[in-house]
Peer 1: 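Please see the structure below; I have some questions.
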Amino acid sequence: KQEVTQIPAALSVPEGENLVLNCSFTDSAIYNLQWFRQDPGKGLTSLLLIQSSQREQTSGRLNASLDKSSGRSTLYIAASQPGDSATYLCAVVSKTTDSWGKFQFGAGTQVVVTP
Amino acid sequence: GAGVSQTPSNKVTEKGKYVELRCDPISGHTALYWYRQSLGQGPEFLIYFQGTGAADDSGLPNDRFFAVRPEGSVSTLKIQRTERGDSAMYLCASSVAGGPYEQYFGPGTRLTVT
């Protein structure tokens, strides 16, 4: 059974520092991995989607890498800003026949960027 | 274009009552997903529709939960005889088709059962 873990659960950094967020999964047979941002009491905003054949995706200050063989993905946010404060979640779609299209989420990393 | 919308944004109900939560997916998206998120946790899958049919309802916790999508667009999640443990954020997502495509989430409905 796929397990998705995000460590640490919380992270605080000063403004301007680069953020490094980790996501690990136990079964490397995945179709894709998606990173989301969630503000308190709100829904999820999609940040980046990485297909299983890709090694990384980039969008602006965001870069996400995927290493299927080690079951890890890393989200890098360059030059963090207070507006980056939120919870960041990763989710995978596994290749098991009963998981077609449905995401399995980690519990998230809560990020605070201090001015 | 318009994103995924959910109504109501907040719902407070008494234990034992019936509630309906509505989701409007992005126009043209054939796949629709419902998730439930408890405080401090990641969302957990409930049910997935491809068109009008429930392709996977393995995440529904018990028979008090039911969902429909009669015309292949709007979906309603129905909860009978609500319990305090049903209190959570209910999230809806849609994607262009069923399968490992990018999912777009709505703002959620916060359900509180008193």
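Chain letters run A, B, ... following the sequence lines, proteins first, then strands; residues in each count from 1.
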Peer 1: If we ignore angles and hydrogens, is there a donor and acceptor under 3.5 Å between the side chains of B:Gln37 and A:Gln38?
Peer 2: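 A:Gln38 and B:Gln37 do have a side-chain donor-acceptor pair below 3.5 Å.
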Peer 1: As an exercise: rank B:Met89, B:Glu44, B:Gln41, B:Gln103 by heavy-atom pairs under 4.5 Å with chain A and give me the winner.
Peer 2: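 Of the options given, most contacts go to B:Gln103.
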Peer 1: Look at the side-chain heavy atoms of Ile, Leu, Val, Met, Phe, Trp and Tyr, link any pair under 4.5 Å apart, and say whether A:Ile50 and A:Leu19 land in one connected group.
Peer 2: yes
Peer 1: Please tell me whether B:Leu32 and B:Leu46 are part of a single hydrophobic cluster in this structure, the criterion being side-chain heavy atoms less than 4.5 Å apart.
Peer 2: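 B:Leu32 clusters together with B:Leu46.
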Peer 1: If you count heavy-atom pairs within less than 4.5 Å of chain A, which of B:Pro43, B:Gly98, B:Gly108 leads?
Peer 2: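 Top count of heavy-atom pairs under 4.5 Å with chain A: B:Pro43.
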Peer 1: Verify the cluster assignment for A:Val111 and A:Leu62: are they in a single hydrophobic cluster under the rule of side-chain heavy atoms below 4.5 Å apart?
Peer 2: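 Yes; tracing contacts between hydrophobic side chains, which count when under 4.5 Å, links both residues.
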Peer 1: Are B:Phe45 and A:Phe103, when compared by the centres of their aromatic rings, separated by less than 6.0 Å?
Peer 2: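 Ring centroids of B:Phe45 and A:Phe103 are no less than 6.0 Å from each other.
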Peer 1: Please tell me if the side chains of B:Ser58 and A:Lys102 come closer than 4.5 Å, counting only heavy atoms from C-beta onward.
Peer 2: yes
Peer 1: For the residue pair A:Leu89 and B:Gly42, what are the closest heavy atoms and their distance?
Peer 2: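 So the two residues come closest at CD2-CA, 3.9 Å.
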Peer 1: For chain B, which candidate among A:Thr45, A:Leu44, A:Val4 shows the most heavy-atom pairs at distances under 4.5 Å?
Peer 2: A:Leu44
Peer 1: Please name the pair of heavy atoms, one in B:Pro100 and one in A:Asn32, separated by the smallest distance, quoted to 0.1 Å.
Peer 2: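 Closest heavy-atom pair between B:Pro100 and A:Asn32: O-ND2, 2.5 Å.
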Peer 1: Looking only at the side chains, is there a donor atom on one of A:Ser46 and B:Glu102 sitting less than 3.5 Å from an acceptor on the other?
Peer 2: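 Distance-only check passes for A:Ser46 and B:Glu102.
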Peer 1: Name the region of A:Gln51, side chain, backbone, both or neither, that has any atom closer than 4.5 Å to a heavy atom of chain B.
Peer 2: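 A:Gln51 touches chain B through side-chain heavy atoms alone.
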Peer 1: When you group the ILVMFWY residues by side-chain heavy-atom contacts below 4.5 Å and let the links chain together, are A:Tyr76 and A:Leu33 in the same group?
Peer 2: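 No.
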Peer 1: So that I know where these two stand, are B:Tyr35 and A:Phe105 an aromatic pair - ring centroids less than 6.0 Å apart?
Peer 2: yes
Peer 1: Does B:Leu111 belong to the same Ile/Leu/Val/Met/Phe/Trp/Tyr cluster as B:Leu77, with side-chain heavy atoms less than 4.5 Å apart forming each link?
Peer 2: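 B:Leu111 and B:Leu77: one cluster.
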Peer 1: Side chain from CB out, backbone as N, CA, C, O: work out which of these in B:Tyr33 comes under 4.5 Å of a heavy atom of chain A, or both, or neither.
Peer 2: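 Only the side chain of B:Tyr33 comes within 4.5 Å of chain A.
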Peer 1: Assess whether atom CD of A:Gln2 is packed by more than 12 heavy atoms of other residues, nucleotides or ligands within 6.0 Å.
Peer 2: yes
Peer 1: Do you know which of A:Lys42, A:Gln34, A:Gln6 has the most heavy-atom pairs under 4.5 Å to chain B?
Peer 2: A:Gln34
Peer 1: Check this for me: B:Phe66, atom CZ, are more than 12 non-hydrogen atoms of other residues, nucleotides or ligands nearer than 6.0 Å?
Peer 2: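 Count not over threshold, so no.
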